[in-house]
Amino acid sequence: MGLPVRRAPLNSDPDLWLEQPGTLVVLVRYLNGRWRRALTQRRHMLSGLVYFMDDDLWDAGALAGLPPSYRRRLRQNALDHRAWLHEQCSEIWVSTQALAQKYQHHHPRLVPLAPPLALLRRNDPVWLCYHGTASHAQERQWVIHLAERVLHACPQVHFEIFGDAKVQRDCKGLPRTIVLHAMRWTNYVAYTGSVRRHIGLAPLLGGDFNAARGAVKFYDFARMGAVGLYSDTAPYAGFVQHGEDGLLLPNQPDLWAERIAELAAKPEQLAQMADAACRRALALAAGA
């Protein structure tokens with residue numbers, strides 16, 4: 001339509017988005033009470049209000065076979081608003097001919113499937129990973145706070161972490177982040193041998209249990225082709241060759257964030273250090 005577009009998350013404050021008269025609002029799938037009240041109050045200021053539906057969200061029978069929690073979410077965010085949407089919307093848009101036919105009495109517009117070019121472009125992300133187990137609860141929280149800082153400062157960085165439901169909740173607001181479930185050792189070896197990661201994190205924050213650890217993360221990172229950032233303490237101090245096959249750092253989040261940003265901006269340096277770590281890991285494994 002040639003109009004500038006702003007994308008408002010449903011959990012955001014509608015007052016921040018509806019100040020300008022003449023705005024065309026397109027509701028994509030869902031609505032909540034807060035947005036519904038704000039749109040009702042400002043409906044006279046809008047140039048139009050559109051509801052876009054890309055699944056059959058207005059038929060309770062169609063939802064019957066879905067899992068209860070998902071069905072409940074669709075009912076609360078879509079089906080329960082059907083009458084209000086029909087009354088208030090200037091247009092209904094649908095994504096398929098089947099929806100257009102089923103809801104023809106609403107006179108919907110069939111919108112052709114034409115995703116923005118940005119959705120089709122591939123990028124070259126820098127993968128940051130933390131693979132600590134449940135025995136690293138303290139380090140996990142430290143890493144999550146570190147990752148939050150890095151992800152907002154470095155749009156090319158993606159983050160991977162292993163964790164449970166709590167970690168999933170803690171990472172919910174982080175962009176470009178995936179949380180993996182714990183897996184058996186054999187599956188972990190197979191997984192890390194089949195993916196490419198760029199920067200691995202291995203902080204150690206002290207404690208009696210950590211005092212007896214070995215430098216196993218060096219080998220895990222080498223298997224993934226990653227450069228490791230390690231706490232400058234045993235078992236990594238004296239083992240990792242700083243600046244050659246990894247980095248040894250004091251446990252200062254600002255410093256770790258700076259080094260990650262520097263490495264993410266220098267792919268050639270990343271590749272050189274990763275190659276050096278891989279060669280050294282192979283040599284150590286061979287007893288050289």
Side-chain angles (χ1 to χ4, degrees), residues 1-121 148 151-152 155 165-179:
M1 299 173 67
L3 298 174
V5 175
R6 295 191 302 160
R7 292 176 174 83
L10 191 63
N11 61 0
S12 63
D13 184 352
D15 292 337
L16 301 176
W17 301 90
L18 300 176
E19 295 178 344
Q20 186 174 351
T23 296
L24 171 66
V25 175
V26 180
L27 297 168
V28 179
R29 293 175 62 93
Y30 301 139
L31 182 62
N32 60 25
R34 189 179 187 186
W35 271 87
R36 177 167 162 171
R37 289 189 295 272
L39 290 167
T40 300
Q41 294 168 0
R42 294 173 171 82
R43 183 65 183 87
H44 65 285
M45 298 171 51
L46 305 178
S47 64
L49 179 61
V50 175
Y51 179 63
F52 173 67
M53 180 165 53
D54 63 346
D55 278 320
D56 193 352
L57 306 177
W58 279 2
D59 183 352
L63 306 182
L66 300 175
S69 60
Y70 189 61
R71 185 170 66 245
R72 185 166 53 251
R73 180 156 67 96
L74 295 185
R75 180 178 291 277
Q76 292 173 348
N77 294 335
L79 182 60
D80 288 351
H81 301 285
R82 177 177 179 175
W84 183 90
L85 290 166
H86 178 55
E87 177 185 339
Q88 296 291 330
C89 287
S90 49
E91 287 190 70
I92 305 297
W93 295 354
V94 295
S95 64
T96 67
Q97 186 63 50
L99 290 172
Q101 180 66 28
K102 182 170 183 175
Y103 297 103
Q104 57 182 308
H105 54 289
H106 290 288
H107 307 291
R109 179 196 293 195
L110 178 59
V111 179
L113 185 61
L117 291 177
L119 290 181
L120 304 177
R121 295 193 188 104
E148 181 177 16
L151 291 167
H152 285 101
K166 180 183 183 306
V167 175
Q168 183 79 44
R169 292 192 298 271
D170 292 342
C171 293
K172 188 175 182 180
L174 298 185
R176 305 180 305 281
T177 295
I178 59 174
V179 179

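The first residue in the sequence is number 1, and the count goes up from there. Keep in mind that this is a model prediction, so the values were computed, not measured.
- Counting only heavy atoms from C-beta outward, the side chains of L57 and L79 never approach each other to under 4.5 Å.
- For the pair L110 and S95, the tightest heavy-atom approach, listed with the atom from each and the gap, is CD1-C, 3.7 Å.
- In this structure, L27 CG and N77 CG are separated by 11.5 Å, a value rounded to the nearest 0.5 Å.
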What's the verdict on side-chain contact (heavy atoms from CB on, under 4.5 Å) for R43 and S90, showing C-alpha distance, side-chain angles and the deciding distance? CA-CA 10 Å; R43 183 65 183 87; S90 49; 3.9 Å; yes
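- Checking side-chain atoms of H152 against main-chain N and O of E148 turns up a donor-acceptor pair under 3.5 Å.
- The shortest non-hydrogen separation linking E19 to M45 is O-CE, 3.9 Å.
- Neither side chain, T23 nor W17, offers a donor N or O lying under 3.5 Å from an acceptor on the other.
- Pairs of residues two or more places apart, or lying in two chains, never qualify as salt bridge (Lys or Arg N to Asp or Glu O under 4.0 Å) while including a residue from residues 63-78.
- In this structure, G22 and S47 approach most closely via the heavy-atom pair O-OG, 3.1 Å.
- When atom types are taken as modelled, the side chain of R29 and the backbone of A78 share no donor-acceptor pair closer than 3.5 angstrom.
- Contact of the R82 side chain with the M53 side chain is not registered, since no non-hydrogen atoms from C-beta on lie closer than 4.5 Å.
- Contacts of E91 classified as side chain to side chain donor-acceptor pair (under 3.5 Å), with partners at least two apart in sequence or in another chain: W93, R109.
- With a 4.5 Å cut-off on side-chain heavy atoms, L99 and W58 do not count as touching.
- P115 and L113 get closest at one heavy-atom pair: CD-C, 3.9 Å.
- None of V25, D15, L49 except one satisfies the side-chain contact (heavy atoms from CB on, under 4.5 Å) rule with R42; the exception is D15.
- More than 12 heavy atoms of other residues, nucleotides or ligands shown are found within 6.0 angstrom of CG on L16.
- Side-chain contact between H105 and Y103 is present, with heavy atoms from C-beta onward closer than 4.5 Å.
- Of the residues listed (L31, V94, L85, V26), the one engaging Y51 in a side-chain contact (heavy atoms from CB on, under 4.5 Å) is L85, and it is the only one.
- A donor-acceptor pair under 3.5 Å is formed between the side chain of T177 and the backbone N or O of P175.
- Inter-residue side-chain proximity for L74 and D55 is flagged as unmet; no heavy-atom pair is nearer than 4.5 Å.
- Of the possible donor and acceptor atoms, none in the side chain of R34 sits under 3.5 Å from a partner among the backbone N and O of P14.
- With contacts defined as side-chain heavy-atom distances shorter than 4.5 Å, the pair D56/K102 qualifies.
- Interatomic distance, CG of D170 versus CD of Q168, reported as 10.0 Å (0.5 Å rounding).
- Q76 and H81 make their closest contact through O-NE2, 3.1 Å (heavy atoms, listed as atom of the first residue, atom of the second, distance).
- Counting only heavy atoms from C-beta outward, the side chains of Y70 and L63 never approach each other to under 4.5 Å.
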